[in-house]
Amino acid sequence: MNKEGETSEAVLVNDGVIAAIGSYSELKPQADREIDLEGNVLYPGFVDSHLHLIGHGQKLLQLDLSKVQSSADMRDRLVQEAGKLAPGEWLIGDGWDENNFPDRKIFHRQELDEITESPMVLRRVCRHALLANSAALELAGITDHTENPDGGLIVKDADGQPTGYLHDAAQEIMLAAMPEPSLNELTRAVDTAVKDMLSLGLTGAHTEDMAYYGAYSRPLEAFKNVIGENLKFRAHLLRHHAVFEEMEQHAVYKEPFIDPGPMKIFADGALGGRTALLTTPYTDDPSASGVAIHSPDGLRELVAKARRYQEAVAIHVIGDLALEMALDALEAHPVPAGKRDRLIHTVVVREDLVQRMQKLDLALDLQPQFVSSDFPWVMERLGNERLEWSYAWNRLINSGLICAGGSDAPVEDVDPLLGIHAAVTRRRAGELHEGYMPQEKLSRFEAIRLYTAGSAGAIRKEDSRGKVAPGFDADFTVLDRDLFKVEEDDILKAETILTVVDGDVMYRKGEK
């Protein structure tokens with residue numbers, strides 16, 4: 001992944017680091033053991049540059065609604081799940097998306113009440129909204145008199161009653177009322193997620209989990225319980241602004257496999273729920289322009305707090321106004337030497353904002369799968385004029401910006417091949433068209449680079465990770481085919497043969 005078309009026959013590893021690359025005959029005498037790849041293909045280790053690892057594990061362990069394709073099917077799944085509940089047990093689901101339903105239906109709390117009297121909470125795929133039934137709303141203390149919190153929205157019907165649909169910061173009221181997962185449950189979620197990701201060829205991830213499960217020490221301890229010498233995986237922890245200062249003062253990590261990252265800040269919401277913050281109103285709803293999670297002054301103060309600890313920030317920005325506010329804050333408080341800021345998602349952009357980004361030391365966390373998930377409905381949201389600089393992965397890379405690739409799991413599927421395929425084709429597998437905004441397609445080299453050198457660059461490790469080169473960490477993804485040569489849709493048929501972290505095989509196909 002140094003330059004397109006460059007390959008090597010053999011790799012020599014010593015003490016978790018690449019010692020040399022070259023011919024088999026040259027390197028064989030220097031090795032005390034060897035792994036024959038038997039015609040399979042080795043890449044630098046794939047790294048997901050942005051996800052929520054515990055959320056991914058929970059999605060694998062609880063009710064997953066992400067594949068549901070109609071409101072009727074969703075109701076059937078909920079009825080089936082409700083039948084398994086013990087009295088008073090919460091029904092918790094994840095991943096529904098009304099844009100996949102022919103009728104675009106969003107359930108009202110009363111419809112959920114018909115399914116069960118137990119409290120029910122269903123997180124939308126974007127994780128910027130959730131649905132709750134009456135029992136859950138009552139436990140959270142949400143009534144017709146409850147006002148919208150700053151940066152959030154409690155949707156109410158014509159009678160002024162909550163519908164059960166809560167956006168962004170309003171979710172926090174509900175989440176505070178839900179039963180807190182035990183340390184054992186968090187550990188199981190981390191273990192499930194890491195093993196799943198290793199099986200998909202991922203050697204690491206930049207993950208944000210520290211502020212959602214009680215004290216930060218609980219999820220951090222869950223990571224430490226799972227990751228280490230026996231199960232190696234590179235977990236780079238983004239730290240939510242609510243726990244950042246406390247973690248700076250007290251947290252102890254487990255480097256090099258668990259290490260601290262920048263302060264995570266949310267500037268806005270998501271396009272699906274019309275909470276991504278736009279400069280002008282949504283084309284399909286002129287009454288909405290999105291939600292600012294923080295005021296401009298509040299956002300600048302959070303960045304200033306990170307700088308007081310000589311740390312970078314990672315800001316969630318989807319709408320162009322949110323991006324503008326983030327850049328205002330970054331320009332007011334420059335990143336410390338040796339650090340690099342990150343803008344996560346960067347979906348709706350403007351040319352003037354790109355010019356400002358080019359002057360800063362920052363990286364963009366892109367989610368290629370957003371194209372295959374959000375189109376065609378997002379065209380209704382944004383209109384043609386805004387689309388020119390939206391989901392513009394090719395333009396952003398050609399602007400010279402450092403770009404990394406992630407899934408935002410559990411929002412999208414964690415499989416990196418889905419992201420690579422989406423970046424290359426701009427469509428779902430099997431769809432017979434040239435792709436959405438085909439001018440923004442990436443080459444296969446550029447797409448794979450997002451998950452290798454790009455992810456390394458996002459955390460300023462471009463000199464030690466993301467390439468097969470001497471002195472770099474011996475993290476490898478071995479697939480059964482050459483992604484540069486197969487047909488586009490056959491990218492998704494590739495299977496992981498080996499996943500190597502720190503020179504040790506952490507996953508081998510066919511072994512438990």
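In this chain, residues are counted from 1 in sequence order.
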Working note: Gln439 + Met437, criterion side-chain contact (heavy atoms from CB on, under 4.5 Å); need CA distance, chi angles, decisive distance, verdict.
CA-CA 5 Å; Gln439 71 276 12; Met437 300 173 61; 3.9 Å; yes
Name all residues meeting the salt bridge (charged side-chain N to carboxylate O under 4.0 Å, His left out) criterion together with Asp150; count only those two or more places apart in sequence or in a different chain, and write none if there are none.
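For Asp150 there are no salt bridge (charged side-chain N to carboxylate O under 4.0 Å, His left out) partners, ignoring immediate neighbours.
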I want to know whether His128 and His167 have ring centres closer than 6.0 Å.
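Centroid distance His128-His167: not below 6.0 Å, so no.
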Measure centre to centre between the rings of Phe375 and Tyr391, then say whether the value is under 6.0 Å.
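Yes, the ring of Phe375 comes within the 6.0 Å limit of the ring of Tyr391, centre to centre.
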Aromatic plane relationship, Tyr212 with His240 - under 30° parallel, 30 to 60° tilted, over 60° perpendicular:
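Judged by the thresholds at 30° and 60°, the geometry between His240 and Tyr212 is perpendicular.
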Using 30° and 60° as the class boundaries, would you call the ring planes of Tyr43 and Phe46 parallel, tilted or perpendicular?
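Tilted: the ring planes of Tyr43 and Phe46 meet at 30° to 60°.
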Determine whether a donor-acceptor pair (N or O, by modelled atom type, separation under 3.5 Å) exists between the side chain of [X] and the backbone of [Y].
X: Ser455; Y: Val47; answer: yes
X: Asp320; Y: Val349; answer: no
X: His56; Y: Leu51; answer: no
X: Asn148; Y: Ile154; answer: yes

Intermediate values then yes/no, side-chain contact (heavy atoms from CB on, under 4.5 Å), Val335 and Leu330
CA-CA 7 Å; Val335 66; Leu330 298 182; over 6 Å; no
Side chains of [Y] and [X]: any donor to acceptor distance under 3.5 Å?
X: Tyr282; Y: Glu380; answer: no
X: Glu412; Y: Ser373; answer: yes
X: Arg300; Y: His294; answer: no
X: Arg386; Y: Thr283; answer: yes
X: Ser66; Y: Asp64; answer: yes
X: Ser134; Y: Arg109; answer: yes
X: Ser49; Y: Asp365; answer: yes

Working for salt bridge (charged side-chain N to carboxylate O under 4.0 Å, His left out), residues Asp475 and Lys467:
CA-CA 9 Å; Asp475 298 345; Lys467 295 180 183 179; over 6 Å; no
How long is the straight-line distance from [atom2] of [Y] back to [atom1] of [X], given to the nearest 0.5 Å?
X: Ser399; Y: Gln355; atom1: OG; atom2: CD; answer: 9.0 Å
X: Arg381; Y: Asn99; atom1: CZ; atom2: CG; answer: 5.5 Å
X: Asp76; Y: Glu81; atom1: CG; atom2: CD; answer: 13.0 Å
X: Ile54; Y: Thr192; atom1: CD1; atom2: OG1; answer: 11.5 Å

With respect to His206, which candidate in His236, Arg342, His50 satisfies the side chain to side chain donor-acceptor pair (under 3.5 Å) definition?
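With His206 as partner, His236, Arg342, His50 yield a single side chain to side chain donor-acceptor pair (under 3.5 Å), made by Arg342.
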Side-chain contact, heavy-atom cut-off 4.5 Å: [X] with [Y]?
X: Lys156; Y: Gln161; result: no
X: Phe223; Y: Asp209; result: yes
X: Lys264; Y: Arg239; result: no
X: Arg124; Y: Leu130; result: no
X: Pro416; Y: Leu202; result: yes
X: His421; Y: Asp415; result: no
X: Met197; Y: Leu200; result: no
X: Phe370; Y: Ser390; result: no

Closest contact, heavy atoms only, [X] versus [Y]:
X: Leu492; Y: Ala429; value: CD1-CB, 3.3 Å
X: Leu278; Y: Gly319; value: CD2-CA, 3.8 Å
X: Gln369; Y: Asp413; value: NE2-O, 2.8 Å

Do other residues, nucleotides or ligands put more than 12 heavy atoms under 6.0 Å from the CD atom of Glu138?
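Counting neighbours around CD of Glu138, 12 or fewer heavy atoms of other residues, nucleotides or ligands fall under 6.0 Å, so no.
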Does Asn384 have more than 12 heavy atoms from other residues, nucleotides or ligands lying within 6.0 Å of its CG?
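No, not enclosed.
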Quick one: do [X] and [Y] make a salt bridge, cutoff under 4.0 Å?
X: Glu488; Y: Arg427; value: yes
X: Arg308; Y: Glu301; value: yes
X: Arg428; Y: Glu431; value: yes
X: Arg350; Y: Glu324; value: yes
X: Asp48; Y: Arg234; value: no
X: Asp259; Y: Lys461; value: no
X: Arg307; Y: Asp341; value: yes
X: Glu440; Y: Arg395; value: yes
X: Lys485; Y: Asp490; value: no
X: Arg274; Y: Asp284; value: yes

Testing Arg77, Arg123, Met74 for side-chain contact (heavy atoms from CB on, under 4.5 Å) with Trp96, which one passes?
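Only one option passes, and that is Met74.
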Given ring pair (Phe, Tyr, Trp, His ring centres under 6.0 Å), test His241 with Phe266 step by step and report yes or no.
CA-CA 9 Å; His241 71 84; Phe266 285 89; 8.4 Å; no
I would like to know whether Leu78 and Glu114 meet side-chain contact (heavy atoms from CB on, under 4.5 Å); could you show each step before the answer?
CA-CA 11 Å; Leu78 295 174; Glu114 295 172 359; over 6 Å; no
For Glu462 and Arg340, what are the C-alpha separation, side-chain angles and deciding distance, and is it a salt bridge (charged side-chain N to carboxylate O under 4.0 Å, His left out)?
CA-CA 12 Å; Glu462 58 266 42; Arg340 178 168 290 147; 3.3 Å; yes
Worked verdict on Asp94 versus Arg127 for salt bridge (charged side-chain N to carboxylate O under 4.0 Å, His left out):
CA-CA 9 Å; Asp94 205 330; Arg127 293 215 149 195; 2.3 Å; yes
Apply side-chain contact (heavy atoms from CB on, under 4.5 Å) to Leu131 and Val121, showing your working.
CA-CA 6 Å; Leu131 287 172; Val121 170; over 6 Å; no
Regarding Lys105 and the six-membered ring of Phe107, is the cationic atom NZ or CZ under 6.0 Å from the ring centre and inside 45° of its axis?
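Verdict for Phe107: a cation-pi partner in Lys105.
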